Amino acid sequence: QYADILSGLGRMEEAETHYRKAIEYAESTDKTTMVMTYQGYGKLLLSLERYAEAAGVFRSGIEMAETSGNTEILHLLHLGLSQAQHKMGRADQALKSYMTYHEQADSLFNVEKERSFNSLQLRYETEKYEREIQDKELQLLKEGRKTQALVFVSVVILLILGAIYI
C-alpha cells in the first residue's frame, strides 16, 4: 500500500492521510486489504506515540480480521495492541493481548507446519505413483519385446520348416 511506503520513507503525515482515506472506503475494499491497513496504521500511530489511538485502530483491525476469518495477520494486530497497552501503562491488558498474540502465532505456525508436511506428503505420494507408472510401462515394454522375439523366432522356425518340406 502507498501509505506503508510513505510511512517507511518517514513521511508520516502523508501516510496517516492515506491510511484514513483507506479506512473511509473500507466498505468498498476487500477485508484482507483493510486488515493490513489497520495493522499498518496502528504501527504508524505507535511510532508517533499516539498509543490510545493505536489501540483503537488495532482493535478495529482485530474485529475485522475475526469476522472475515483472516487469521494470517490477526496475531500481528494482537501484538500491536499489546505494545500500545504496555505504553499506556495497562500491564494486565498488555499481557492478555500478548498471550493472545502468542497463541495466534503458535496456531499459525502449526497450520503452516501442517501445510508444509501435507505438501511434502503429497509430493512423495505423487512421485511414488509416477515411479509405479514408469515401472509398469517398463514391464509392458519388456513383455512386448519378449512377444516380438517369440513371434520372430516362430516365424524363423516356420520358414525353416517350410523350406525343409518344400
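We're numbering straight along the sequence, starting at 1. In this text the structure is predicted, and so the values were computed from the model without any measurement. Note that these values count all heavy atoms, side chains included, but never hydrogens, waters or copies made by symmetry.
Of the inter-residue distances, the one linking Gln39 atom CD with Ile62 atom CD1 reads 10.5 Å to the nearest 0.5 angstrom. Rounding to the nearest 0.5 angstrom, the gap separating the CD atom in Glu127 from the CG atom in Leu122 is 10.0 Å. Between the OG1 atom of Thr32 and the CE atom of Met34 there is a distance of 11.0 Å, given to the nearest 0.5 Å. Expressed to the nearest 0.5 Å, how far CD of Gln83 lies from NZ of Lys43 amounts to 9.5 Å. Going from atom NZ of Lys128 over to atom CD of Gln121 covers 10.5 Å, rounded to the nearest 0.5 Å. Here the CD-CG distance, from Gln85 to Leu95, works out to 10.0 Å after rounding to the nearest 0.5 Å.
Dense packing is recorded around CD of Glu125, with more than 12 heavy atoms of other residues, nucleotides or ligands lying under 6.0 Å away. Counted within 6.0 Å of CG on Asp135, heavy atoms from surrounding residues, nucleotides or ligands total more than 12; the atom is thus considered enclosed. Heavy-atom neighbours of Met12 CE from other residues, nucleotides or ligands within 6.0 Å: above the threshold of 12. Summarising the local packing, CD of Glu63 is surrounded by 12 or fewer heavy atoms from other residues, nucleotides or ligands at distances under 6.0 Å.
The two residues Ala65 and Leu74 have their closest heavy-atom pair at CB-CD1, 3.8 Å. Nearest heavy-atom pair across Gly42 and Val57 is N-CG1, 3.6 Å. Nearest heavy atoms, Ala3 versus Ala15: O-CB, 3.5 Å. Heavy-atom minimum distance, Ala84 versus Ala54: CB-CB, 4.3 Å. The heavy-atom pair separating Tyr38 from Ser60 by the smallest distance is CE2-CB, 3.6 Å. Between Arg50 and Arg20, the closest heavy-atom pair is NH2-NH2, 3.6 Å.
Placement of Leu161 and Val153 within a single hydrophobic cluster is found when ILVMFWY residues are connected by side-chain heavy-atom separations under 4.5 Å, directly or transitively. Ile73 and Met99 end up in different hydrophobic clusters when Ile, Leu, Val, Met, Phe, Trp and Tyr side chains are linked at under 4.5 Å. In terms of hydrophobic clustering, with Ile, Leu, Val, Met, Phe, Trp and Tyr side chains grouped at heavy-atom distances under 4.5 Å, Leu46 and Tyr19 are assigned to a common cluster. There is a path of hydrophobic side-chain contacts, each under 4.5 Å, that joins Ile23 to Leu44. Val156 and Ile164 fall within the same hydrophobic cluster, where Ile, Leu, Val, Met, Phe, Trp and Tyr residues are linked whenever their side-chain heavy atoms come under 4.5 Å apart, directly or through other members.
In this structure, the side chain of Ser97 does not engage the main chain of Ala94 through any donor-acceptor pair within 3.5 Å.
Contact check for Leu140 versus Glu143: side-chain heavy atoms found under the 4.5 Å cut-off. Contact annotation: the side chain of Glu16 approaches that of Leu48 to within less than 4.5 Å [non-hydrogen atoms, C-beta and beyond].
Ring centroid separation for the pair Tyr101 and Tyr98 comes in under the 6.0 Å cut-off.
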